Amino acid sequence: MDNQSIFKYSWETLPKKWVKQMERSEHGNRSDTNTDYPFQLLCFLKLHTYTRVQVSIDICGVDYPSRKRRFEVVYNLLSTRYNSRIRVQTSADEVTRISPVVSLFPSAGRWEREVWDMFGVSFINHPDLRRISTDYGFEGHPLRKDLPLSGYVEVRYDDPEKRVVSEPIEMTQEFRYFDFASPWEQRSDG
């Protein structure tokens, strides 16, 4: 079964409330789902005869501060049986919690921890949701676009005290505007 057949079959078989949109490309298929259904969709993709996704390549997050549901969680999957890549995306905000897929893909535990650590997207009943890339005392989530570039704490060596000191930074910084256009693309103004 090729990529096009998997795409067509999935679109015809899956419940419409699970999938908001599907796109097909030469590199793989992409599905957008609601935050309530990523577990069910990934379970279908893993267990169904015509998809057989065995590998969760990674799970990553993207922050779009201008959107109401500002975070996108992206699951990149691989079916070695059909040599097909499938990307499943869902959107969330700061309070929305997503079902973990650790029970389907054991390697997903590490990726979900990283998404939580870097972006603050929470997973319901995750077996080990704790920081993985930052220090336990770190405040905030470093890949959020609203985190100040300087951070919240300054760590420096204090010569008179002869020790390392951590102090909060007192700097006001308004919410920044992010232009997602590439600086290398030509703009046609006019």
Side-chain angles (χ1 to χ4, degrees), residues 1-133 141-145 178 180:
M1 190 168 235
D2 65 343
N3 232 2
Q4 184 174 359
S5 302
I6 291 174
F7 174 79
K8 184 178 178 196
Y9 180 78
S10 298
W11 182 247
E12 292 170 355
T13 308
L14 288 167
K16 298 304 176 211
K17 67 180 181 179
W18 287 9
V19 180
K20 290 192 285 189
Q21 175 184 1
M22 282 185 89
E23 288 181 13
R24 187 178 114 24
S25 73
E26 63 186 71
H27 304 294
N29 299 325
R30 182 176 72 97
S31 302
D32 290 336
T33 184
N34 295 324
T35 53
D36 299 334
Y37 303 109
F39 181 83
Q40 291 90 328
L41 179 57
L42 294 177
C43 192
F44 171 88
L45 293 172
K46 181 174 183 168
L47 301 175
H48 201 278
T49 306
Y50 295 126
T51 53
R52 293 286 185 200
V53 171
Q54 293 95 358
V55 181
S56 170
I57 298 170
D58 72 350
I59 301 170
C60 53
V62 184
D63 184 8
Y64 296 101
S66 59
R67 292 184 186 174
K68 183 179 177 186
R69 302 188 79 139
R70 68 184 278 186
F71 302 108
E72 225 169 64
V73 179
V74 183
Y75 300 85
N76 293 303
L77 310 167
L78 174 66
S79 171
T80 54
R81 181 172 189 172
Y82 298 113
N83 192 24
S84 175
R85 292 180 182 269
I86 300 172
R87 185 172 67 209
V88 175
Q89 295 178 199
T90 187
S91 298
D93 55 18
E94 288 91 347
V95 295
T96 304
R97 299 179 73 191
I98 299 173
S99 299
V101 295
V102 175
S103 58
L104 293 173
F105 303 102
S107 65
R110 186 225 187 275
W111 301 116
E112 289 171 344
R113 284 178 61 189
E114 185 176 30
V115 169
W116 176 78
D117 190 12
M118 296 290 121
F119 295 95
V121 176
S122 186
F123 294 89
I124 304 168
N125 298 326
H126 191 279
D128 188 21
L129 195 60
R130 58 190 165 100
R131 293 204 179 267
I132 193 168
S133 298
H141 303 281
L143 291 183
R144 281 189 176 189
K145 299 247 168 51
F178 295 95
F180 293 106

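Nothing fancy with the numbering, it's 1 onward along the sequence. All values derive from a computational prediction rather than experimental measurement.
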- [ ] Using a 4.5 Å cut-off on heavy atoms from C-beta on, say whether the side chain of Ser79 contacts that of Thr51.
- [x] no
Open item on the list: Can you list everything that forms a salt bridge (charged side-chain N to carboxylate O under 4.0 Å, His left out) with Arg113? Sequence neighbours excluded, please.
Closed with: Asp128
Task: Distance (rounded to the nearest 0.5 Å) between Glu94 CD and Thr96 OG1 - done: 8.5 Å
Open item on the list: Using modelled atom types and a 3.5 Å cut-off, is there a donor and acceptor pairing between side-chain atoms of Asp32 and backbone atoms of Met22?
Closed with: no
TODO: Work out which heavy atom in Leu14 is nearest to a heavy atom in Phe44; give both atom names and the distance.
DONE: CD2-CD2, 3.4 Å
Task: salt bridge (charged side-chain N to carboxylate O under 4.0 Å, His left out) against Arg67, all qualifying residues, sequence neighbours excluded - done: Glu72
Open item on the list: Quick check for you: to the nearest 0.5 Å, what is the distance between Ser84 atom OG and Leu78 atom CG?
Closed with: 8.0 Å
Open item on the list: Quick check: closest heavy atoms across Ala108 and Ile59, and the distance to 0.1 Å?
Closed with: CB-CD1, 3.7 Å
- [ ] Report yes if some heavy atom in the side chain of Phe71 is under 4.5 Å from a heavy atom in the side chain of Asp93; otherwise report no.
- [x] no
TODO: Quick one: closest heavy-atom pair of Tyr75 and Ser99, and the distance?
DONE: OH-O, 4.2 Å
Open item on the list: Nearest 0.5 Å, please: how far is CD1 in Ile57 from CZ in Arg87?
Closed with: 11.0 Å
- [ ] Scan Asn76, Leu41, Val53 and name whichever one has a side-chain contact (heavy atoms from CB on, under 4.5 Å) with Ile86.
- [x] Val53
- [ ] Side-chain contact test, heavy atoms from C-beta onward, threshold under 4.5 Å: evaluate it for Leu104 versus Cys43 and give yes or no.
- [x] yes
Open item on the list: Working to the nearest 0.5 angstrom, can you tell me the gap between Cys60 SG and Glu112 CD?
Closed with: 12.5 Å
Task: Distance in Å, Arg70 CZ paired with Phe119 CZ, rounded so as to fall on 0.5 Å steps - done: 10.0 Å
TODO: Check whether any side-chain heavy atom of Phe123 sits under 4.5 Å from a side-chain heavy atom of Val115, and report yes or no.
DONE: yes
Open item on the list: Quick one, His126 with Arg97, criterion side chain to side chain contact (heavy atoms under 4.5 Å, CB included). Give me CA distance, side-chain angles, the key distance, then yes/no.
Closed with: CA-CA 10 Å; His126 191 279; Arg97 299 179 73 191; over 6 Å; no
Open item on the list: Could you check whether any side-chain heavy atom of Lys46 comes within less than 4.5 Å of a side-chain heavy atom of Gln54, counting everything from C-beta outward?
Closed with: no
TODO: Specify the closest pair of heavy atoms between Met118 and Ser133, including all atoms of both residues, with the distance to one decimal.
DONE: CE-CB, 3.3 Å
Open item on the list: Would you say that more than 12 heavy atoms from the other residues, nucleotides or ligands in this model lie under 6.0 Å from the NZ of Lys20, or not?
Closed with: yes
Task: Side chain proximity check, Phe39 to Ser103, heavy atoms < 4.5 angstrom - done: yes
Task: Atom of Ser56, atom of Leu77 and distance for their closest heavy-atom approach - done: CA-CD2, 3.9 Å
Task: Leu143 side, atom CG; Asp63 side, atom CG - distance, nearest 0.5 Å - done: 8.5 Å
- [ ] Looking only at non-hydrogen atoms, find the nearest pair between Leu42 and Val88 and report the distance.
- [x] CD2-CG2, 3.8 Å
- [ ] Evaluate the side-chain proximity of Ile98 to Ile124: yes if any heavy-atom separation is below 4.5 Å, no if none is.
- [x] no
Task: Partner of Val73 by side-chain contact (heavy atoms from CB on, under 4.5 Å), out of Thr35, Thr90, Val62, Thr33 - done: Thr90
Open item on the list: Does atom NZ (Lys68) have a neighbourhood of more than 12 heavy atoms from anything else shown, all under 6.0 Å?
Closed with: no
Task: Validation row, ring centre Trp116 to ring centre His141 under 6.0 Å - done: yes
Open item on the list: So Gln21 and Arg30, do their side chains get closer than 4.5 Å, heavy atoms only?
Closed with: yes
- [ ] Not counting sequence neighbours, which residues clear salt bridge (charged side-chain N to carboxylate O under 4.0 Å, His left out) with Arg110? List them please.
- [x] Glu114
